[in-house]
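Right, one structure below, let's go through it.
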Amino acid sequence: MARGKRVVYDEAMNEGVKEEMKKNIEKSPAKVRRWPDKDSEVVETLRAGDHVVIYGKRGDFYEVSTSVNHRVYISSEYLKEE
């Protein structure tokens, strides 16, 4: 896979990439949390225009990696598809 490429993984998929997709932060400041819960610890804050890599969705939260944190969560209200 090319470096810097953004991809999304289907939660039910075992291996490989189902489809390529970019997600941008639409609303600032976007709180990135340790767990998929609004009361979970905030580990990072992103600005509008920042990118994340999507791994799956849990309820109203996406499991993502950012340039700083791997496998953290962000509320779907902060994301938009490019």
Side-chain angles (χ1 to χ4, degrees):
M1 182 183 320
R3 187 173 191 187
K5 195 169 227 175
R6 307 303 200 258
V7 295
V8 62
Y9 293 88
D10 186 283
E11 293 175 8
M13 187 169 54
N14 291 329
E15 293 182 14
V17 176
K18 184 175 182 183
E19 63 181 285
E20 296 179 12
M21 178 185 293
K22 280 187 179 181
K23 288 274 187 179
N24 277 343
I25 303 301
E26 180 176 63
K27 186 175 160 187
S28 293
K31 296 175 182 174
V32 178
R33 299 185 180 276
R34 176 79 52 211
W35 304 108
D37 183 306
K38 66 180 181 86
D39 296 324
S40 177
E41 171 190 9
V42 174
V43 294
E44 185 178 353
T45 303
L46 299 176
R47 296 178 309 219
D50 288 345
H51 295 281
V52 295
V53 177
I54 307 295
Y55 292 98
K57 190 169 182 187
R58 292 186 181 185
D60 292 332
F61 286 82
Y62 282 97
E63 184 176 8
V64 302
S65 66
T66 67
S67 61
V68 177
N69 287 290
H70 186 66
R71 299 289 176 138
V72 289
Y73 298 87
I74 189 166
S75 174
S76 59
E77 70 181 281
Y78 295 113
L79 299 176
K80 74 173 182 177
E81 193 172 323
E82 278 189 332

- line: side-chain hydrogen bond (donor to acceptor under 3.5 Å, both in side chains) filter on Lys31, not counting sequence neighbours, yields none
task: Please report the closest heavy-atom contact between Asp39 and Arg33, naming both atoms and the distance.
output: C-NH1, 4.4 Å
query: Any idea which heavy atoms bring Tyr62 and Ile54 closest together, and the distance?
result: CD2-CG2, 3.7 Å
field: Polar side-chain atom of Thr66 near backbone of Val52 as donor-acceptor pair, under 3.5 Å
entry: no
query: Rounded to the nearest 0.5 Å, how far apart are CG of Asp50 and CG of Asn24?
result: 8.5 Å
query: How is the hydrophobic cluster of Phe61 composed, in terms of its other members, when Ile, Leu, Val, Met, Phe, Trp and Tyr link through side-chain heavy atoms under 4.5 Å apart, directly or indirectly?
result: Trp35, Tyr73
field: Qualifying residues under side chain to side chain contact (heavy atoms under 4.5 Å, CB included), relative to Glu41, sequence neighbours excluded
entry: Arg34, Val43
message: Going by the rule salt bridge (Lys or Arg N to Asp or Glu O under 4.0 Å), which residues pair with Glu63 if we only count those two or more places apart in sequence or in a different chain?
response: Arg71
side-chain hydrogen bond (donor to acceptor under 3.5 Å, both in side chains) partners for Asn69, two or more places apart: Glu44
- line: Applying salt bridge (Lys or Arg N to Asp or Glu O under 4.0 Å) to Lys38 and not counting sequence neighbours gives none
- request: Write down the atom of Leu46, the atom of Ser28, and the distance for their closest heavy-atom approach.
  value: O-OG, 4.2 Å
message: Could you work out, with side-chain hydrogen bond (donor to acceptor under 3.5 Å, both in side chains) as the rule, every residue matching Ser40, not counting sequence neighbours?
response: none
task: Look at atom CG of Asp37 and say whether more than 12 heavy atoms of other residues, nucleotides or ligands are closer to it than 6.0 Å.
output: yes
